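Keep in mind that this is a model prediction, so the values were computed, not measured. Chain naming here is simple, since letters A, B, ... match the order of the sequence lines and numbering starts at 1 in each.
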There are 2 protein chains.
Amino acid sequence: MLSNSSKYAINAVLYVAVNSSIENKILAKDISRETQIPQAYLSKLMQELTRHNLISSVRGPNGGFYLTDENRGVSLLQIVNVIDGDNRLTSCMLGLHACDHQHPCAVHHLVGDTKTRFVENLEKTTVQDLVSDIKSGKSFLGI
Amino acid sequence: MLSNSSKYAINAVLYVAVNSSIENKILAKDISRETQIPQAYLSKLMQELTRHNLISSVRGPNGGFYLTDENRGVSLLQIVNVIDGDNRLTSCMLGLHACDHQHPCAVHHLVGDTKTRFVENLEKTTVQDLVSDIKSGKSFLGI
DNA sequence: AGATTTAAAGACTTTTTTATCCTTTTTATG
DNA sequence: CATAAAAAGGATAAAAAAGTCTTTAAATCT
Ligand code: FES
Ligand code: FES
């Protein structure tokens, strides 16, 4: 469903969202240590997210990654789309075509609603929403 | 969610289910042509399914693949488990651990029920169920 | 028995994904 | 200005997934 890379990206962004601010930026090294994501690989993902303005960074001393208020409004779907490309989530479960209610494949009914609902959820859920859940103890960060 | 290989496997099994019988076995070559699955690769998958008794085959003239009544009772989950291994579907969406309601990850609530429901559906839906759907026009086979 | 048809099996190649390493650029600070 | 800290970028390596090719074994038919 999600690639490893997307999972890493979401984990990393959430870690930054919870543990940093503009005055208190966080290093790739530290994210890597806390999330167990290999540092160099993580850096690549963060680069990509930065390039698309989904997260923010500055180089040099006291630099690192952080999220602006705008960044906190980014949806999970935006993250996944940047990392995995756009159509990973909208294609048919059996790989026959774009998932199409008009011409449902054999397993479509097993998952159809469910899948579009999942994508809708990814689309409407922002980083900030998840941070709220974590802060309120509704869900957990990390291992 | 499902690997390419699993998608191929389900497609191929359904094709066999709809288009063959014990008197009218079907060749890997023909399945390949109709489903667009590369022949050699398909053969590998079919071999694996045969080895686990999820489908049936005989070699030699008038041989090929077919399904017994028992094979038709096989669940989709059995197919996926043989091809992808057991824990692809039960692991956490963020790859943190086995998905655990007691200790939900940040995206668990977005997908939690949904995912277990999907797995339950795969478990309780048999090849024959899907064939019925196809025959009744509720869903479609192939492209 | 011999020839032919077909799946099974194994070795191999290619592509994609994941991961690492090394260099360059930017920024802050003494 | 020199130095150090950090991300950005590019090249490469390793692992996994997808796909191919060749040989072997089983079944049938003449
Ligand atoms: S058509 Fe295949 S999942 Fe919707
Ligand atoms: S705990 Fe992560 S999906 Fe359930």
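Whole-Å rounding puts the A:R59 CZ to C:dT23 P distance at 17 Å. A:L49 has its CG atom 13 Å from the P atom of D:dG9, to the nearest Å. Atom-to-atom, OH of A:Y66 to P of D:dA6 comes out at 16 Å; the value is rounded to the nearest Å. One atom, CG of A:L2, and another, P of C:dT17, lie 14 Å apart when rounded to the nearest Å. Rounded to an integer number of Å, the gap from CE of B:M46 to P of C:dA8 is 9 Å. Taking atom CD1 of A:I37 as the reference point, atom P of C:dT18 lies 12 Å away to the nearest angstrom.
For B:Y8 and D:dA18, the shortest distance from a side-chain N or O to OP1 or OP2 is not below 4.0 Å. Proximity of B:S57 to the phosphate of C:dA8: a side-chain N or O atom is located under 4.0 Å from OP1 or OP2. Between A:N62 and the phosphate of D:dA5, there is no side-chain N or O to OP1/OP2 separation shorter than 4.0 Å. Phosphate proximity of C:dA8 to B:T50: present, with a side-chain N or O under 4.0 Å from OP1 or OP2. One finds no side-chain N or O of A:R51 lying less than 4.0 angstrom from the OP1 or OP2 phosphate oxygen of D:dA7.
Donor-acceptor pairing under 3.5 Å, judged by distance alone, is present between the side chain of B:Q47 and the base of C:dA9. Contact of B:K44 with D:dT20 (side chain to base): a donor-acceptor pair of N or O atoms is detected under 3.5 Å.
Of the candidate nucleotides D:dA18, C:dT18, C:dA7, C:dT18 has the atom lying nearest to any side-chain atom of A:S5. For B:A40, counting side-chain heavy atoms from C-beta on, the closest listed nucleotide (C:dT18, D:dT20, C:dA8) is D:dT20. Among D:dA8, D:dT28, D:dA5, the nucleotide with an atom closest to any side-chain atom of A:P61 is D:dA5.
Note on A:S43: nothing from the nucleic acid sits closer than 4.0 angstrom, heavy atoms only. Residue B:L42 is out of contact with every strand shown, counting any heavy-atom pair closer than 4.0 Å.
With hydrogens and angles ignored, the 3.5 Å screen pairs a side-chain donor or acceptor of A:Q78 with a backbone N or O of A:S75.
In this structure, a donor-acceptor pair under 3.5 Å is present between the side chains of A:S56 and A:N71.
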